[in-house]
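Letters go in sequence order (proteins before strands), and every chain restarts at 1.
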Protein chains: 2
Amino acid sequence: MVKLKDIAEALGVSVGTVSKGLRHSHEISEEVTDRIIRKANELGYIANSSARNLKTNRSYVIGVVYVDKSRAGLGHDYFSTMLSSIRDELSLHGYDFTFVSNTIGENKLSYVNHARYRRCDGVIIVTADFKEPEIIELVESEIPVVTIDHVFNNRSAILSDNDEGLEQIINYVYKKGHRKIAFIHGEDTAVTEQRIASFYKACETLQIEVPKDYIKEALYHFPKQAGLRTRELLQLKERPTCIIYPDDYAFMGGLTEIEKHGLKIPEDISVVGYDGIFLSRILRPILCSYVQNSTEIGKQAVNRLLEQIDKPKSFIRKPVRVKGVLQEGQTVKDIH
Amino acid sequence: MVKLKDIAEALGVSVGTVSKGLRHSHEISEEVTDRIIRKANELGYIANSSARNLKTNRSYVIGVVYVDKSRAGLGHDYFSTMLSSIRDELSLHGYDFTFVSNTIGENKLSYVNHARYRRCDGVIIVTADFKEPEIIELVESEIPVVTIDHVFNNRSAILSDNDEGLEQIINYVYKKGHRKIAFIHGEDTAVTEQRIASFYKACETLQIEVPKDYIKEALYHFPKQAGLRTRELLQLKERPTCIIYPDDYAFMGGLTEIEKHGLKIPEDISVVGYDGIFLSRILRPILCSYVQNSTEIGKQAVNRLLEQIDKPKSFIRKPVRVKGVLQEGQTVKDIH
DNA sequence: TTGTAGGCGTTATCAC
DNA sequence: GTGATAACGCCTACAA
């Protein structure tokens with residue numbers, strides 16, 4: 001690999017001059033700068049990031065924590081879109097990204113220490129168990145951190161607007177005449193809590209009565225469980241006219257069950273998903289779903305993080321909400 | 001950040017000793033090693049990978065090229081599963097991974113140079129335009145490279161068994177009595193070529209006649225186009241009894257079109273997908289599809305690459321085929 | 001068994 | 001405007 005020294009020797013100048021010239025320092029004359037750059041290209045010079053990091057104490061690497069709880073690997077639309085967006089936005093700013101895990105080879109290495117080892121300038125926590133001590137350790141460390149869909153006290157976070165999501169859904173199905181609305185929510189997380197609270201609040205405002213057995217729990221992204229819950233709902237004496245699912249994938253389990261009962265969507269029963277994944281728009285009927293703006297969330301996460309890295313002093317840490325949009329689709333019938 | 005020197009001073013030994021002690025060198029007495037490790041933990045020592053890389057000329061970072069041609073970001077099941085698998089397998093061996101793009105900030109930087117800048121020990125090309133000069137440059141560089149689903153002369157590659165995939169599909173639908181088999185294949189790539197060749201070969205062997213207008217092209221992962229091609233097929237005087245799609249997502253477009261024509265699957269027409277994505281198993285009827293073993297492909301890619309890095313001399317570069325498996329599903333009717 | 005010292009490639013601070 | 005030179009933190013011969 002050709003290095004600064006090679007260019008310096010070829011040109012009969014010093015290494016320091018080459019270093020400055022390559023970075024267009026105004027200390028160096030235009031003519032010399034020009035010769036340096038030309039020679040660098042000629043020799044195919046590429047800087048050594050390790051040496052540079054060592055000296056400058058900046059790696060231009062951002063760590064990403066992505067712990068897959070939802071049994072979907074990177075294949076969960078909401079998160080994979082976000083990751084793409086994070087990657088692209090980082091790249092735009094000259095940063096690379098690397099996954100931060102809590103193992104390295106045989107050895108256990110906490111998230112913080114992994115990030116420290118790679119000298120990450122900052123970390124984005126996309127998914128993780130936010131109650132895990134190691135995650136908390138990372139958040140409270142000296143490394144700038146942005147979390148997604150979870151707020152730590154006095155830290156930056158980007159939030160998909162879960163309150164508004166459910167509110168919009170309820171308002172929409174209400175407008176379509178539904179009063180018997182069942183809600184299958186996901187497993188217990190901060191996000192789920194918000195959605196449930198928001199569900200009840202919206203119902204209260206609209207004076208919708210919610211029987212206890214209209215509220216069910218099923219794992220996110222797990223069609224089978226949602227299917228079982230759907231069956232329970234369909235067997236109720238007072239059947240709901242509309243079912244809200246934890247997410248679009250989970251809905252697929254409900255779909256099967258609904259068809260088993262010989263019911264048609266939306267003629268016999270209305271359904272609503274969450275996420276607005278690619279699939280939801282491909283399906284017929286198009287699924288009514290709240291589309292989270294995961295691209296924007298990723299972008300915001302990057303920009304907030306870089307801001308924090310660049311001006312650690314003046315940076316104000318606060319949660320940012322990113323709104324989604326209701327995709328009305330064709331699965332909610334007007335039953336007026 | 002605490003460094004070797006800090007430990008050395010705290011213990012009254014030399015930096016060299018600490019360095020060796022931490023790596024359990026047999027040069028160092030057990031007692032001193034013990035004290036060193038204890039002190040290191042006490043002080044929370046974490047090595048600086050940049051300094052280490054600089055010295056050892058090994059980064060333990062693998063670059064991944066993932067250029068999204070299929071308009072799906074990381075959201076394409078086949079690839080996202082593979083990426084998860086690559087990440088996990090690398091982590092198992094003490095490697096991290098970073099995406100290698102051909103831009104960095106404002107500036108254009110070729111893939112090779114990006115990988116060189118980060119001193120990647122090797123690169124896995126997951127998706128890319130393999131005809132692009134920059135990709136070829138990367139493959140022909142000094143950096144160990146493994147490609148997926150594309151073979152460069154005398155380089156390592158991992159291949160999903162596209163030949164066998166189509167052969168198995170054809171044999172299966174033949175067994176079910178189908179003779180009028182239409183094939184909507186993807187856009188022109190090496191993979192597509194293989195599949196087409198394999199399709200014709202299997203048909204020939206079974207003496208199935210393939211009318212020209214039974215063969216159509218539609219972009220991968222693009223339901224709308226597959227839908228249009230499906231319509232054309234359904235309007236033929238001599239309608240096929242079975243349609244093979246480029247992939248499971250593309251099939252979704254076909255599904256809509258088939259339903260528009262008032263046809264039912266599989267009663268009125270049989271269909272086959274490709275990939276065996278999560279969704280294909282959730283759908284009812286379960287989609288007949290060839291399930292590519294993307295987890296295994298990712299794993300193989302990592303292991304082949306690491307082998308090549310560790311023993312560059314003795315390593316034999318050759319393509320590795322990874323078999324998939326036919327998911328029979330419920331969308332191919334027995335029409336005997 | 002432990003210590004010393006040079007150097008990996010870069011940047012930055014001084015002199016000149 | 002340019003050139004020495006000293007770090008950055010680590011590893012590794014080689015010396016003690």
**Student:** Any side-chain N or O of T56(B) under 4.0 Å from OP1/OP2 of dC11(D)?
**Tutor:**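 For dC11(D), neither OP1 nor OP2 has a side-chain N or O of T56(B) closer than 4.0 Å.
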
**Student:** Rounded to whole angstrom units, what separation is found between the CD1 atom of I36(B) and the C1' atom of dT2(C)?
**Tutor:**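 These atoms are roughly 10 Å apart.
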
**Student:** Keeping the roles fixed (side chain from R118(B), backbone from A115(B)), state whether a donor-acceptor pair exists under 3.5 Å.
**Tutor:**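 Side chain of R118(B) to backbone of A115(B), a donor-acceptor pair under 3.5 Å: no, none is there.
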
**Student:** Which listed nucleotide (dC8(C), dG9(C), dT2(C)) is nearest to the side chain of V32(B)?
**Tutor:**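 Of dC8(C), dG9(C), dT2(C), dT2(C) is nearest to the side chain of V32(B).
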
**Student:** Tell whether K20(B) reaches the base of dG3(C) with its side chain through a donor-acceptor pair below 3.5 angstrom.
**Tutor:**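 Per atom types, the contact qualifies.
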
**Student:** I'd like to know if K55(A) reaches the base of dA7(D) with its side chain, counting only an N/O donor and acceptor under 3.5 Å.
**Tutor:**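 Donor-acceptor pair under 3.5 Å: yes.
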
**Student:** Can you confirm whether or not the ring centre of F79(A) sits under 6.0 Å from the ring centre of H76(A)?
**Tutor:**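 Between F79(A) and H76(A), the centre distance is under 6.0 Å.
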
**Student:** Select base, sugar-phosphate, or nothing to describe what V13(B) touches, counting heavy atoms under 4.0 Å on all strands.
**Tutor:**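 Touches sugar-phosphate only.
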
**Student:** Distance check needed: dT2(D) P versus L22(A) CG, whole Å only.
**Tutor:**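 Whole-Å distance recorded here is 14 Å.
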
**Student:** Base, sugar-phosphate or nothing for L4(A)? Non-hydrogen atoms, less than 4.0 Å.
**Tutor:**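 Base contact.
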
**Student:** Expressed in angstrom and rounded to an integer, what is the separation of I28(A) atom CD1 from dT11(C) atom P?
**Tutor:**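 Between P of dT11(C) and CD1 of I28(A): 13 Å.
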
**Student:** Taking for each residue the nucleotide of DNA chain C with the nearest heavy atom, is it T33(B) or L54(A) whose nucleotide lies nearer the 5' end?
**Tutor:**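 The 5'-side residue here is T33(B).
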
**Student:** Between R304(B) and D310(B) (salt bridge meaning N to carboxylate O under 4.0 Å), is one present in this structure?
**Tutor:**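 Between D310(B) and R304(B) there is no salt bridge, as every charged N stays at least 4.0 Å from the carboxylate O atoms.
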
**Student:** If you check the A47(B) side chain, which of dT10(C), dG3(C), dC10(D) turns out closest?
**Tutor:**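 Nearest to the side chain of A47(B) among the choices is dC10(D).
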
**Student:** Does any non-hydrogen side-chain atom of V65(B) lie less than 4.5 Å from one of T127(B)?
**Tutor:**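 Side-chain contact under 4.5 Å: no.
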
**Student:** Can a side chain N or O of S19(B) be found less than 4.0 Å away from OP1 or OP2 on dC11(D)?
**Tutor:**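 Result: yes.
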
**Student:** Rounded to the nearest angstrom, tell me the gap between atom CG in N53(B) and atom P in dC8(C).
**Tutor:**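 Going from CG in N53(B) over to P in dC8(C) covers 16 Å.
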
**Student:** So which nucleotide from dT11(C), dG3(C), dG9(D) ends up closest to the side chain of T17(B)?
**Tutor:**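 So the nucleotide nearest the side chain must be dG3(C).
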
**Student:** Among dA4(D), dC10(D), dT10(C), which nucleotide has an atom closest to any side-chain atom of A51(B)?
**Tutor:**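 Closest nucleotide to the A51(B) side chain: dC10(D).
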
**Student:** Just by distance, no angles: are the side chains of Y117(A) and R52(B) close enough, under 3.5 Å, to form a donor-acceptor pair?
**Tutor:**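 A donor-acceptor contact under 3.5 Å links the two side chains.
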
**Student:** Rounded to whole Å, please give me the gap between CG in N57(A) and C1' in dT10(C).
**Tutor:**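 Answer to the nearest Å: 13 Å.
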
**Student:** Hey, which of these two, S50(B) or E27(B), hits DNA chain D nearer its 5' end, going by closest nucleotide?
**Tutor:**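 On the 5' side of the pair lies S50(B).
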
**Student:** Between Q292(B) and S160(B), do the side chains contain an N or O donor and an N or O acceptor separated by less than 3.5 Å?
**Tutor:**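 Present: a donor and an acceptor within the cut-off.
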
**Student:** Does OP1 or OP2 of dC10(D) have a side-chain N or O of Y45(B) closer than 4.0 Å?
**Tutor:**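 So the side-chain polar atoms of Y45(B) do come within 4.0 Å of the phosphate oxygens OP1 or OP2 of dC10(D), strictly under.
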
**Student:** Atom CG of L11(A) to atom P of dT2(D): distance rounded to whole Å?
**Tutor:**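 The distance from CG of L11(A) to P of dT2(D) comes to 11 Å, rounded to the nearest Å.
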
**Student:** For the side chain of R52(A), counting heavy atoms from C-beta on, which of dT10(C), dC10(D), dG3(D) is nearest?
**Tutor:**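 That would be dT10(C).
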
**Student:** Could you tell me how far apart R23(A) (CZ) and dG9(C) (C1') are, to the nearest whole angstrom?
**Tutor:**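 Interatomic distance, CZ of R23(A) to C1' of dG9(C): 12 Å.
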
**Student:** Whole angstroms only, please: what is the NZ-P distance between K5(B) and dC11(D)?
**Tutor:**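 After rounding, the gap between these two atoms is 16 Å.
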
**Student:** Checking all strands, does S29(A) fall into the base, sugar-phosphate, or nothing category for heavy-atom contacts under 4.0 angstrom?
**Tutor:**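 Sugar-phosphate contact only - S29(A) comes under 4.0 Å of backbone atoms but never of a base.
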
**Student:** Touch check for G12(A), heavy atoms < 4.0 angstrom, all strands: base, sugar-phosphate only, or nothing?
**Tutor:**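 The answer is sugar-phosphate, as G12(A) gets under 4.0 Å only of primed atoms, P, OP1 or OP2.
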
